[in-house]
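Written out below as structure tokens is the structure these notes cover.
On a predicted model such as this, the values are computed, not experimentally measured, just so you know. Letters A, B, ... are given to chains in the order of the sequence lines, protein chains preceding strands, and every chain is numbered from 1.
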There are 2 protein chains.
Amino acid sequence: MNDRELGCAGGQFMDRGRMNQNGVVQPLLTDLYQITMAYAYWKSDKTDDTAVFDLFFRNNPFHGEFTIFAGLEECLKFLDSFHYSQSDIEYLKQTLPEGIEHEFFEYLGNLTARDVTLYAIDEGTVAFPRVPIIKIEGPLIIVQLLETTLLTLVNYASLMATNAARYRMVAGKHVKLLEFGLRRAQGPDGGLSASKYSYTGGFDGTSNVLAGKLFNIPVKGTHAHAYITSFSSIGELKTRLIKHKQTGILEDLLEHAIRHRALLSHLLDVSTEESSEGELAAMVSYAIAFPDGFMALVDTSGLLNFSAVALALNDLGYHALGIRIDSGDLAYLSCLARETFEKVAERFKVPWFNKLTIVASNDINEDTILSLNEQGHKIDCFGIGTHLVTCQRQPALGCVYKLVEINGQPRIKLSQDVEKVTMPGNKNAYRLYSADGHALIDLLQKVSEPPPAVGQKVLCRHPFQESKRAYVIPSHVESLYKVYWKSGKICQQLPTLEQVREKVQISLKTLRNDHKRTLNPTPYKVAVSDNLYNFIHDLWLQNAPIGELS
Amino acid sequence: MNDRELGCAGGQFMDRGRMNQNGVVQPLLTDLYQITMAYAYWKSDKTDDTAVFDLFFRNNPFHGEFTIFAGLEECLKFLDSFHYSQSDIEYLKQTLPEGIEHEFFEYLGNLTARDVTLYAIDEGTVAFPRVPIIKIEGPLIIVQLLETTLLTLVNYASLMATNAARYRMVAGKHVKLLEFGLRRAQGPDGGLSASKYSYTGGFDGTSNVLAGKLFNIPVKGTHAHAYITSFSSIGELKTRLIKHKQTGILEDLLEHAIRHRALLSHLLDVSTEESSEGELAAMVSYAIAFPDGFMALVDTSGLLNFSAVALALNDLGYHALGIRIDSGDLAYLSCLARETFEKVAERFKVPWFNKLTIVASNDINEDTILSLNEQGHKIDCFGIGTHLVTCQRQPALGCVYKLVEINGQPRIKLSQDVEKVTMPGNKNAYRLYSADGHALIDLLQKVSEPPPAVGQKVLCRHPFQESKRAYVIPSHVESLYKVYWKSGKICQQLPTLEQVREKVQISLKTLRNDHKRTLNPTPYKVAVSDNLYNFIHDLWLQNAPIGELS
């Protein structure tokens, strides 16, 4: 059997895997033009040029007015491991046009991110259009080579965390949210990133076991419909016995369940004939496997069987967990289920039945939750898949990476589309807060300017519209950037995933509600200092094209 | 510096990486409920039950009427490597509820896909709703455990290949298509899968270097706007010399370019003052790096500088490749560029200038290409990013995996939504062709039925609507399933990626154009045999719920 039959597809380099051993992406995960540009820079003797690039987005996703910044830790790990392997160099030699000088490959082979300095906003912080979330300084060639990979690591992570945070906001804090999207994710790693960053954004867990293992995220799940349909009658039940939790005596769970079903049929006014025997068998067998974690997938008629099995478990000292509803009218069914549980609780003197968990899944999105909230529902937990992980409403965040300074000289990208004009120069970013702790405005300044001072008025200007300006007197000023990477080292104690997750909620709390609401949220203001405003507009004039009305 | 500072985030298991060494996904990349179900099956003594699952989708994506099946090879590699490592088992012991019997973990530790048989349609074939693209038989537990991973591997791969094939159809065969989406992809692997399956679907290459290395896909790319802005004047040009291709004599490329620019300024009626000196310097330096592969990013005014540098290269024996346009009115600019090249070709007697490649990028989607086709354009190559790789119009394909038979007994999933009713039993699938080679209909039958015969009439019935039926006399009958995996081995010679890519085009050719058109395509018919029809409807009756109008 040859290689192909063994399924070892792809080029001669397939054996090296897609990521390195630590799950960190490789530097070849980039666009070819970064490498051709690197050669042209090298060939033009620009190896000593120093550049500053800004990584930012122009619009918040999902018609919202905020974005959660995520992916920083992966960027730092990428910098830490940045190195072209011998096999990478071999591949590039074969792939780049002929005539590339040999010394360039030697140069690439020795390249690391040691001379790069990376500034960033803290991971998990709310971020806004045009305020760079990462600022990166260093030798032009290496800083250019990092572009695509940094964008790849930040774009989806931030999009996903933002999406998750939005679900958390509409669901409220008391409802559990689980990510169930692996099967619909954009590739295996799309699934892993979705699990990780939906947890960051405020989800409580995932169904994705590997994500649980790799990132230490709680994993959840019960059974699928297939489990129910794998049984068609009670006769198929090979095991009916279970030990009483306290006494340890083996008892017949099915017998208990059938007895309770008869009583329940009367109480709930549901004929036992309406409920499937196969379903009862499946539930009994599942309860025997997980007597203390019994959670069953039910449809309308399944409530009878579920309650019967849960009461049978109760006879033997176990408490069921609840149900999952995956079809039909979720508002109605959840209310019906809660009502049923309350009736059972009262009739059978099992008060904990009132608190059985009701999980709902089935193609849920932000609007579904808003609509369920309006209708009234009794759902304790949502399992959310496709819409969450693919970010269906907007499947990409448009982060870009723009050159703003080279060898101390500012660079501006002009465009007829004013939205696409870049903010030139090396800048700092500050967030100004009101006395009540709300974020008022983000302010960009030239690095040479002193930071805004608490209690003093700061002139904040719209970057492009001359007439839009206001004085702000901050009660608190936060300098948004920290140096995260310098001299080949990560310079900050990195937060755990849990800490980033907490940061998201803390940071969201600083935003006024009108910025966060789903319908027509108020844009959060991003401003430039007067000094930066004049700097931008002088440059704009100097660089204005001749003969075109821009 | 501790682990966290080094960026080694995640749980204690982080060091194992996300995929195994061959880039094959691990069996823990699944939903937890597969493993809890496995335990419940095991505990219920169902280890010897034999199941058949169908993997299929219910709707074609992108409002189209076909889907390209992709991802099979990755599924087979997954089966081939299916094995829980000791570390996986340890994680599961910590994660599953308490009380799981120790023998179950031993059972899991020894589990492989050896006893599974996998049937599938060939990768790269057009596929249709309800016709299983994969059918998988074997011990219930293992077959259930494969669900999520197989769905993850098929869903995005097929969605992506279909999306790419649609772009190929609207662009026509003579235009080159390049995938430029890595930075906007859903995670690093989302980017890799996008590159791979857009190539499968008919793209010509990618900008993603790692995808090129791993899958042996052509990689393409030139430079970004940053390269242009990294130069602000001619004075910054440190190297201006290049060897004449034939004579080897060093010449000053800038001097040649400036001379040509003056002449061109007159010819093209563009003042040299309108074109940036920095841009000229950048282009000269780039041309020195890639004299035989000179392709430059230009805007309107950039045509003068590009033509000047290309003519300068021509003086020294080199042929430029062309330009990339990334902003503005692509139809207009491409026509203007072609016209310019034609003028230059004539005036300077450089006929190859007529054929310079014009690449267009900038947020292109299917509709943009259709609109450009209508307007008329001179683009030779599209670089497509976000819309392609995220499949923005529909970011997930809804493949499902349903139990259809257990221990020889059919299983049907009923639903008030007739679209969600499953086709029970172990089935074969045939594609019937007309004399002119077009696919007429896909037909599902029970495996016990003889295959449809060429030249004989076959009763084809709509699966759910009694009145819809037709006789079809096929000129050719294709049995859609092959055994791809059996007795622990891949049973077919697997095609190369190139071969799958060819298969896509061959398979699409068998579809009538009206099934493939963008606007209101005709649905392709999927039918069941009379025998299967009756079988489904008898089962439906037997399983109909009491007391509900279904």
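- Taking every heavy atom of both residues into account, Leu153(B) and Pro188(A) meet most closely at CD2-CG, 3.9 Å.
- Of the atoms belonging to Ile406(A), it is side-chain heavy atoms, and not backbone ones, that fall under 4.5 Å from chain B.
- Only the side chain of Gln144(A) comes within contact range of chain B, with heavy atoms under 4.5 Å apart.
- When every heavy atom of Ile217(A) is checked against every heavy atom of Tyr91(B), the shortest pair comes out as O-OH, 4.2 Å.
- With a threshold of 4.5 angstrom between heavy atoms, Tyr41(B) approaches chain A through its backbone and through its side chain.
- Heavy-atom minimum distance, Thr222(B) versus Thr36(A): O-OG1, 2.5 Å.
- Thr390(A) places no side-chain N or O within 3.5 Å of a backbone atom of Ala396(B) that could act as its donor or acceptor partner.
- When heavy atoms are compared at a cutoff of 4.5 Å, Thr149(A) does not approach chain B at all.
- At a 4.5 Å heavy-atom cutoff, the contact between Ser285(A) and chain B is made by backbone and side-chain atoms alike.
- For chain B, the option among Ala224(A), Pro97(A), Pro218(A) with the highest count of heavy-atom pairs below 4.5 Å is Ala224(A).
- For chain B, no part of Val284(A) is nearby; none of its heavy atoms comes within less than 4.5 Å.
- With Gln186(B) contributing its side chain and Gly187(A) its backbone, the two residues share no donor-acceptor pair below 3.5 Å.
- Both the backbone and the side chain of His223(A) come within contact range of chain B, with heavy atoms under 4.5 Å apart.
- Proximity to chain B (any heavy atom under 4.5 Å) is restricted, for Phe290(A), to the side chain, taken from C-beta onward.
- The residue among Ala226(A), Ala157(A), Gly328(A) with the most heavy atom pairs within less than 4.5 Å of chain B is Ala226(A).
- Looking at Leu92(A), only its side chain comes within 4.5 Å of chain B, counting heavy atoms on both sides.
- At least one test fails for Lys220(A) against the ring of Tyr33(B): distance under 6.0 Å to the centre or angle within 45° of the axis.
- Heavy-atom distances place both the backbone and the side chain of Phe231(A) under 4.5 Å from chain B.
- Comparing Ser44(A), Ser207(A), Ala289(A) by heavy-atom pairs within less than 4.5 Å of chain B, the highest count is held by Ser207(A).
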(request) Report the C-alpha separation of Arg184(B) and Thr152(A) in whole Å, then their side-chain angles, then the decisive distance to 0.1 Å, and conclude whether the side chain to side chain donor-acceptor pair (under 3.5 Å) test is met. (result) CA-CA 6 Å; Arg184(B) 302 284 165 81; Thr152(A) 303; over 6 Å; no

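- When all heavy atoms are compared, the tightest approach of Asp88(B) to Lys213(A) is OD1-NZ, 2.5 Å.
- Contact tally against chain B (heavy-atom pairs below 4.5 Å) for Ile412(A), Val219(A), Thr229(A), Leu140(A): the top residue is Thr229(A).
- Looking at Leu397(A), only its backbone comes within 4.5 Å of chain B, counting heavy atoms on both sides.
- By the 4.5 Å heavy-atom criterion applied to side chains, Asp31(B) and Leu182(A) are counted as neighbours.
- When heavy atoms are compared at a cutoff of 4.5 Å, Glu98(A) does not approach chain B at all.
- Only the side chain of Asp49(A) comes within contact range of chain B, with at least one heavy atom under 4.5 Å from a heavy atom of that chain.
- Closest of all the heavy-atom pairs between Arg411(B) and Ser230(A) is NH2-O, 4.0 Å.
- Chain B forms the most heavy-atom pairs under 4.5 Å with one residue out of Ile100(A), Val209(A), Thr148(A), Asn155(A), and that residue is Val209(A).
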